[in-house]
Amino acid sequence: GIWYVDVMENPDRYRGKIVEYTARVLKPRSFPSKLFFPGRMAMTCCADDTTFLGYVCKSAYAPKLKAGQWVKIRAKVEYAKLAMYHGTGPVLEAEHIESGDEIKELVNTGKATFYIGFDPTADSLHVGHFMALCLMKRLQEAGNKPIALIGGGTGYIGDPSGRTDMRSMMTPEQIQHNCDRSEEHTS
């Protein structure tokens, strides 16, 4: 989910760049025939926060795509004012689309690159982190490429998992200390 957020927040970093990834096709009925959403389900912090993330993609090939189909897409990132974004947002201009392997097939054959993120809310990891690290290690041993992210920004905003109390705000120094300690634990 981090890439999807970063593309929205940092248009100068992505405008005109070529991206290539495997995605699932979403085709809302209200969309013109040459538009679709290539995306995937993503979890940004917890199971309650899992949602489909994708951006509008333009392609003459779009009418031939089936909803739910997996595709490998290469597209140029541009930005346009669209009602669904309530302003300006990313629009992918597809250069190439081909049938893609389902994500579980990529993982099962050791061809996936994936990330697991950790919130720096304390200066040590807990059993939930350990479970994620065990999964990460098993996937790596199967040939997949792991990326561990220790997020500084999420330490400021906390976990939106239905809590009624607010997490105490940490200083940038506290967050950096926790990130450094978590990095020591995961190295």
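By the 30° and 60° cut-offs, the orientation of the rings of F37 relative to F52 is perpendicular.
Between A94 and A75, the closest heavy-atom pair is CA-CB, 3.8 Å.
I18 and L92 fall into different hydrophobic clusters, where Ile, Leu, Val, Met, Phe, Trp and Tyr side chains are chained together by heavy-atom contacts under 4.5 Å. Under the 4.5 Å side-chain contact rule for hydrophobic residues, F130 and M136 do not share a cluster.
The CD1 atom of I97 lies 4.0 Å from the CZ atom of F36; values are rounded to the nearest 0.5 Å. Summarising the geometry, atom NZ belonging to K27 is positioned 7.0 Å from atom NZ belonging to K66; distances are rounded to the nearest 0.5 Å.
Of the possible donor and acceptor atoms, one in the side chain of Y85 sits under 3.5 Å from a partner among the backbone N and O of P90. Between the side chain of D123 and the main chain of R181, no donor-acceptor pair closer than 3.5 Å is present. Distance alone, capped at 3.5 Å, places no donor-acceptor pair between the S182 side chain and the C179 backbone. Using a distance-only test at 3.5 Å, with no hydrogens or angles considered, a donor-acceptor pair links the side chain of N144 to the main chain of A112. Remark: side-chain polar atoms of E9 are not paired, donor with acceptor, to backbone N or O of D6 under 3.5 angstrom.
Side-chain contact of Q176 with D180: a donor-acceptor pair under 3.5 Å is present, judged by distance alone.
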